[in-house]
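Contents: one structure, followed by commentary.
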Amino acid sequence: MKEKDQITRILATDCGSTTTKAILIEKRDNEYRLIVRGEAPTTVESPYEDVTKGVLNAIKEVEELAEIKILEGDDIIKREKNTGDGVDLYISTSSAGGGLQMMVAGVVDKMSAESAARAALGAGSIVMDVIATNDKRLDHERIKRIRTLRPDMILLSGGTDGGTITHVVQLAEIIEAADPKPRFGAGYKLPVIYAGNKNAADEVAKRLDKKTALYIVDNLRPTLERENLQPARDKIHELFMEHVMAQAPGYKKLMDMTDVPIMPTPGAVGLLIEAIGNRDNIEVLGVDIGGATTDIFSFFQKTFNRTVSANLGMSYSISNVVKEAGLKNIMRWVPFEMDEKDFRNRIRNKMIRPTTVPSTLDELQIEQAISREALRLALEQHKAMAVGLKGVQKERTISDAFDQSSSGATLVNMLTLNLVVGSGGVLSHAPRRVQSALMMIDAFLPEAVTMLTVDSIFMMPQLGVLSTVHDQAATEVFEKDCLVRLGSCIAPIGSIKEGMEAVTVKFDKEEHRVNFGDIKLIPMELGKRVKATIIPAKNLDMGIGKGKEIEAEIEGGVVGVIIDARGRRPFTLPEDEKTRVEKMNKWIKALNVYPEK
Amino acid sequence: MAHSYTPGLKVTEKAIVRKERRLPLKGNVLVKLGDVVKADDIVATTTLPGDVERLNLAGKLGVPSKEAPSFLKVKIGDTVKKDEIIAESKGFFGFFKSSIQSPIDGAVESFSEITGMLTLRKPPKKVEIDAYVNGKVVKVIENEGIVLETPATFIQGIFGIGGEVKGVLKLAVMSPDYVLKPQDITDDMKGKILIGGSLVTNEILRACVAKGVIGIVAGGINDKELKEFLGEEIGVAITGQEEKGITVVVTEGFGQMSMAKKTFDILKKNDGKKASINGATQIRAGVLRPEVIVTYDLNTDISESKHTEMGMDIGSVVRIIRQPFFGAIGRVVGLPHQLQKIETEAHVRVLEFQFDDGKKIVLPRTNVELIEE
C-alpha cells in the first residue's frame with residue numbers, strides 16, 4: 001500500500017446481500033470528496049457464485065460515470081504514481097451470504113455470556129443464540145440447538161481468571177458433544193474462540209482441539225468488574241476472513257484484490273460511529289435498516305455497543321416485523337383506514353418480491369409505517385443489550401455489575417442523545433428528507449434536543465473501513481458527502497392536556513410557540529446554528545426539571561428544526577380510528593411530509 | 001442500475017432440468033455417473049450422529065467427580081440399553097445402594113472428571129435421499145450427492161409451504177380464475193396434486209387434507225387464511241418444513257389472483273401425469289422458489305430454453321408485481337433511459353407498460369417481472 005499522502009484516488013466497495021455498491025473518492029482542491037457511486041446485483045448466489053463478478057460490474061458503472069479507467073480485464077489497476085488510470089487504494093466490506101453468524105456461550109447469561117455476545121456483536125456478527133449454564137435449557141436441548149443452527153463460529157467464554165473452571169469446561173463438553181459443523185464447506189472444522197478463564201484453557205483444549213479449530217485468546221471478562229473485548233473481537237475479524245469469507249464463493253479472489261482485509265459491513269459502520277462519538281465528544285445513535293436486518297449502533301457514556309436485529313427488515317423480513325410488532329401497532333402509523341386482509345396481503349407480496357418499490361403514495365405510506373415499527377423494535381432490542389460498562393476505564397464496580405443483571409439498566413438515554421444517524425434504503429432513499437426525519441422521531445422518540453441526520457447513499461461501511469487506513473479521507477467524505485444534516489428535533493418530556501401551550505422556542509428575533517399534541521417545522525438553513533432558549537410548560541421537562549427553561553444550541557438542515565410537542569413518556573396515538581387518522585394527517589400537513597393527493 | 005428488473009419465475013413447458021440431491025452430512029452415494037434413476041430411488045444415504053444425553057453421574061452418586069468413574073458398571077464405548085444399570089454406589093455393608101439407570105438406548109461416549117458428567121449418545125439416525133425426479137446422473141459429488149438431469153416441464157411458484165411430494169396432477173378447476181369450493185374436493189382426489197384456480201382458502205386446504213390430497217397448485221392465497229391454516233404467523237420467508245399434510249405452491253402471490261394463463265395451460269396439458277412438487281421457499285440468500293416438475297422420457301429432444309440470458313426489451317411480456325394493477329400482464333412499449341419522478345416523488349428507472357386493451361401506464365422497472373415465452 002502507498003504512503004498516505006500519496007493516496008489521491010480511492011475505490012471502495014460494499015458487498016451487501018442483494019446489492020454491491022462501489023464508491024470512488026478523489027482528492028481534489030486539497031480535500032477528499034466522493035466522485036461517483038455505482039452499483040450492481042451481488043453475485044454470491046447461483047448461477048454466478050462468484051462475488052467478484054458483482055464487484056466488477058459495480059466498478060464498471062463507476063468507470064462509466066467517472067469516465068476513468070479503473071479495470072484492466074478483471075484486474076483493478078493500481079497506480080504507481082498518483083496520475084493516470086487506476087486507483088491508489090482499494091478496500092471492501094461484506095455482508096453477503098448472510099454476513100457473519102455466530103453462537104456465543106458463557107457461564108452466566110447476564111455476565112460472561114452477555115459480554116461474549118457484546119464482543120461478537122461489536123465485531124459485526126449476528127448472534128444466533130446465547131448458551132449459558134443458567135439458561136434453563138437441558139444439555140441435550142443446547143446440543144441440538146448448536147447442531148441445527150450451524151453457526152460460522154462459536155465464541156466460548158466464562159469464569160474469571162483464576163476462578164473455578166468446572167462450568168466453562170462443562171460448556172466445552174456440550175460443544176464437543178454437539179460436534180458442530182460449519183455452514184459453508186463440509187471439509188473444514190468449525191472455528192471456536194475460547195476467551196474465558198485462562199486456567200481452564202488446557203481442559204477446554206483437551207475437549208475441543210480435535211473436533212473444532214480452536215483458538216485461545218485473552219479472557220474477555222478477566223475479573224468481574226472488567227471487560228476486555230478487543231482480543232476476542234480481533235480474533236473474530238481474523239477468522240471471519242480466514243474461514244467464513246474464504247469459504248464464500250469468489251472471496252479468495254476478492255481478498256487478493258483488496259489492499260487491506262475485508263471487514264464485515266456492520267463492523268465497519270460501528271468503527272465510524274465510535275469514531276464520531278469520540279471525536280466530537282457526543283452521544284450517538286446509528287441505525288441501518290436493511291431488507292433483512294436492522295443494525296443499531298450506539299455510543300453512550302463513552303461505550304460503544306452494537307446490536308443486530310436479524311429478523312427485522314423491510315423486505316425479506318418484513319413479515320417478521322408484523323409478527324413481532326403486531327398488526328395493530330403497524331396499522332397505527334398508516335394515515336388512512338385500511339382493511340386488514342388487504343394490508344396483510346400487501347406486506348406478504350413485498351416479502352416474496354423484495355425488489356419492488358412503492359409506486360403510489362399509499363404504498364409508500366404503508367412501507368414507512370412498517371419501518372417505524374421495525375426501528376422501534378430494533379431500538380428496544382438494542383436497549384436491552386446495551387447495558388455495557390459504566391465509567392471511564394471500561395471498568396465498573398462489582399455492585400454495578402450486579403445492578404446490571406438485576407435492573408437491566410440500559411446505557412441508551414434518549415435525553416442525553418446528541419446525534420441520530422439513519423441509513424438503509426427506507427431512510428436514505430425516502431423521496432422527501434422530512435419523511436426520514438419523522439420516521440426516526442416516531443420510532444426512537446428522541447427527547448429534549450437531538451440532531452437528526454441520514455447517510456445520503458449509504459456509504460458508511462466503506463468509510464468505516466477507510467477510516468482504518470486513511471482517517472483524513474474518511475472524515476472529509478463523511479462530513480461533506482455522506483452525512484445529510486436534517487435539523488434539530490426539540491421534544492419536551494411529559495404529558496399535559498391536549499391543546500395547551502406546551503413549549504416556546506426563542507432565538508434571534510424569532511419566537512415559536514407550540515401547543516401540546518402538535519408538531520411544527522421551523523425553516524432553518526443547512527449549516528446555521530443558533531443558541532435558543534427553550535421554555536417548557538409547567539408540567540413538561542426539557543431535561544433539568546419540570547417547567548425549567550434551557551439554553552441549547554439548535555441546528556438547521558435540509559429539513560429544518562422540528563418542535564415535537566406530541567408528548568414523551570408516554571407518547572400516545574388516539575385509540576379511536578377516525579381521530580387517529582385526522583391527527584396523523586394534521587402532523588403530515590404541518591411538516592409537509594407527503595405531496596397533496 | 002443496468003439490470004433493474006426482476007427476472008421472472010421460470011414457467012417452461014419443456015426444458016432441461018437439473019436437480020442437485022445432496023446429503024446434509026457426508027455419506028455414501030449409491031448411484032454412478034450415467035445411471036438412470038426413478039424418482040423414488042434412493043440415491044444417497046448417511047447417518048446422523050445420535051442425540052446426546054448428559055447425566056450428572058457424580059451428583060447422582062453424591063461423590064466427587066474424580067471418584068465417580070470407579071462406580072461405573074460400563075466402559076467408554078459400551079452399548080447400553082434404556083433402564084440398564086450403568087453405575088452403582090457401594091452403600092453401607094451392601095445397604096442403601098443407589099443405582100443409576102441409563103435413560104436411553106445408545107452408547108457411553110465420555111466421562112468428565114472435571115464436571116462429573118457422563119455423556120451417552122443415542123444410536124445414529126439413518127438419512128436417505130431419493131432422486132425426487134426421474135432422470136440421469138450427470139454428476140456425482142463425492143460422498144455428498146448427485147446432480148440429475150432430465151427433460152421436463154418446469155414451473156416455479158412464488159411462494160409455498162410443505163416439502164417434496166410426488167403424485168399425479170389432477171385438474172380441479174376449468175379456468176384459472178375459478179375459486180375452489182369445498183364440494184369440488186372429492187374422494188377420488190386422494191394422493192393427487194390438484195391444479196387449482198385463483199385462490200385457496202383455509203377451508204379448501206382443510207378439505208384437501210381431509211380427503212388425502214397431497215398437494216395443490218394455485219394462483220393466490222390470503223395471508224390471513226394461511227395463518228389460520230398453519231396456526232401461526234410466518235415470520236421470515238423460509239418455508240418447506242411445515243408438516244400439515246399438504247404441499248402448497250402459489251404461482252402469483254397473496255390475495256385472490258388468477259393463475260397466469262400460460263402456467264395454467266401447461267399444467268392443464270399435464271393433467272393425469274405424475275409430478276414432483278416442493279413448497280420450500282427461501283427468499284433470502286439463495287432464492288429458493290417452490291416448483292412443479294413433470295419429467296419426460298430421457299430421449300425427448302429439447303433445445304435449451306432461452307430464458308437464462310433474456311433481458312427486458314421493447315415488446316417483452318411482463319407481469320406487474322406490485323399494487324396498483326398487481327398481477328396484470330402486458331407488454332413493454334417504452335424503456336426511457338432517464339430516471340423519472342413517480343407518484344411517490346421518488347426518481348426511479350421506469351418503463352411504459354401496455355395492457356391488452358391498449359391502455360398504457362408508466363411504472364418502476366423493478367415492479368414488473370419478465371414472463372418467458
Side-chain angles (χ1 to χ4, degrees), chain A residues 17 39-41 44-47 57 61 96-98 139-140 143-144 165-167 169-170 173-174 176-179 181 186 203 207 292 311 315-317 319-320 322-324 340-342 344-364 429 431-432 595, chain B residues 1-6 24-26 48-49 51-54 65 109-110 112 114-117 119 121 143-144 158-159 220 222-224 226-227 232-237 250 253-255 281 283-287 308 321-324 326 341-348 363-364 366-367 369:
Chain A
S17 49
E39 65 175 41
V44 171
E45 315 294 347
S46 83
N57 286 340
E61 194 158 295
D139 278 355
H140 72 89
I143 291 165
K144 203 165 183 180
I165 67 169
T166 317
H167 300 303
V169 171
Q170 193 183 342
E173 284 169 4
I174 290 170
E176 179 194 15
D179 194 6
K181 300 281 178 268
E203 293 297 334
R207 282 150 185 86
N311 291 323
S315 61
Y316 304 114
S317 311
S319 293
N320 204 53
V322 180
K323 186 178 174 180
E324 290 198 18
E340 182 191 325
K341 191 174 89 183
D342 182 28
R344 294 183 77 105
N345 285 338
R346 284 190 197 216
I347 293 170
R348 285 280 178 215
N349 283 323
K350 168 80 181 180
M351 172 187 88
I352 56 177
R353 317 228 192 221
T355 54
T356 59
V357 296
S359 64
T360 63
L361 202 51
D362 287 1
E363 289 268 303
L364 180 74
H429 297 147
R432 290 186 186 185
Chain B
M1 211 162 99
H3 299 282
S4 54
Y5 63 87
T6 310
L25 284 176
K26 286 196 175 188
L48 287 176
D51 288 339
V52 164
E53 191 77 37
R54 277 162 57 88
S65 298
E109 184 159 289
S110 63
S112 169
I114 290 180
T115 61
M117 301 291 280
T119 304
R121 194 181 285 272
N143 301 326
E144 288 189 61
I158 186 77
F159 179 81
N222 278 325
D223 180 50
K224 203 159 174 254
L226 178 66
K227 184 187 162 196
E232 62 176 341
E233 186 109 54
I234 290 178
V236 284
V250 173
F254 285 88
T281 311
I283 295 160
R284 202 164 160 176
V287 194
T308 42
I321 53 173
R322 177 122 189 187
Q323 259 88 2
F326 194 131
K341 192 169 160 180
I342 56 173
E343 186 188 314
T344 61
E345 296 184 332
H347 289 82
V348 297
L363 75 167
T366 53
N367 289 3
E369 67 181 13

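For B/K227, the part lying near chain A is the side chain, with the backbone staying farther off; criterion is any non-hydrogen pair under 4.5 Å. Both the backbone and the side chain of A/N349 have a heavy atom closer than 4.5 Å to some heavy atom of chain B. For a residue to count as touching a neighbouring chain, one of its non-hydrogen atoms must lie under 4.5 Å from one of that chain's; by this rule A/P354 touches chain B with the side chain only. Proximity to chain A involves both the backbone and the side chain of B/I234, based on heavy atoms less than 4.5 angstrom apart. Of the atoms belonging to A/I143, it is side-chain heavy atoms, and not backbone ones, that fall under 4.5 Å from chain B. Within the 4.5 angstrom heavy-atom criterion, no atom of A/E324 approaches chain B. For chain B, the nearby parts of A/Q170 are the backbone and the side chain; heavy atoms of each come within less than 4.5 Å.
When only modelled atom types and interatomic distance are considered, A/E173 and B/T119 share no side-chain donor-acceptor pair under 3.5 Å.
Two residues are said to be in side-chain contact when any heavy atoms from C-beta on lie closer than 4.5 Å; B/F159 and A/M351 meet this criterion. Here the side chains of A/R432 and B/E345 are in contact, with some heavy-atom distance below 4.5 Å. When side chains are defined from C-beta on, A/D139 counts as touching B/M117, because their heavy atoms get closer than 4.5 Å.
Scanning all heavy atoms of the two residues, the minimum distance from A/H140 to B/V52 falls at CB-O, 2.9 Å. Among all heavy-atom pairs drawn from B/P324 and A/T360, the shortest one is CD-CG2, 3.4 Å. Of all the heavy atoms in B/E343 and A/S359, the pair that sits closest is CB-O, 3.5 Å.
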Take A/K350 and B/R322, measure what side-chain contact (heavy atoms from CB on, under 4.5 Å) needs, and give me the verdict at the end.
CA-CA 8 Å; A/K350 168 80 181 180; B/R322 177 122 189 187; 3.3 Å; yes

Assess the residue pair A/E340 and B/K224 against the criterion (side-chain contact (heavy atoms from CB on, under 4.5 Å)); give the C-alpha distance rounded to whole Å, side-chain angles, the decisive distance to 0.1 Å, and a yes or no.
CA-CA 9 Å; A/E340 182 191 325; B/K224 203 159 174 254; 3.5 Å; yes

side-chain contact (heavy atoms from CB on, under 4.5 Å) for B/I114 and A/R207? Distances and angles first, verdict last.
CA-CA 11 Å; B/I114 290 180; A/R207 282 150 185 86; 4.2 Å; yes

Under the side-chain contact (heavy atoms from CB on, under 4.5 Å) rule, what do B/T344 and A/E363 come out as? Steps first, then yes or no, please.
CA-CA 9 Å; B/T344 61; A/E363 289 268 303; over 6 Å; no

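Of the listed residues B/R54, B/E233, B/E53, B/E232, the one with more heavy-atom pairs under 4.5 angstrom with chain A than any other is B/R54. The candidate from B/L363, B/N222, B/L226 with the greatest count of non-hydrogen atom pairs under 4.5 Å with chain A is B/N222. The most heavy-atom pairs under 4.5 Å with chain A, out of B/N143, B/I158, B/I342, come from B/I158. Of the residues considered (A/K341, A/E176, A/H167), A/K341 shows the highest number of contacts with chain B, using heavy-atom pairs under 4.5 Å.
A distance-only check finds a donor-acceptor pair linking the side chain of B/R121 to the backbone of A/A177 [under 3.5 Å]. Using modelled atom types, one side-chain atom of B/N367 and one backbone atom of A/V357 make a donor-acceptor pair closer than 3.5 Å.
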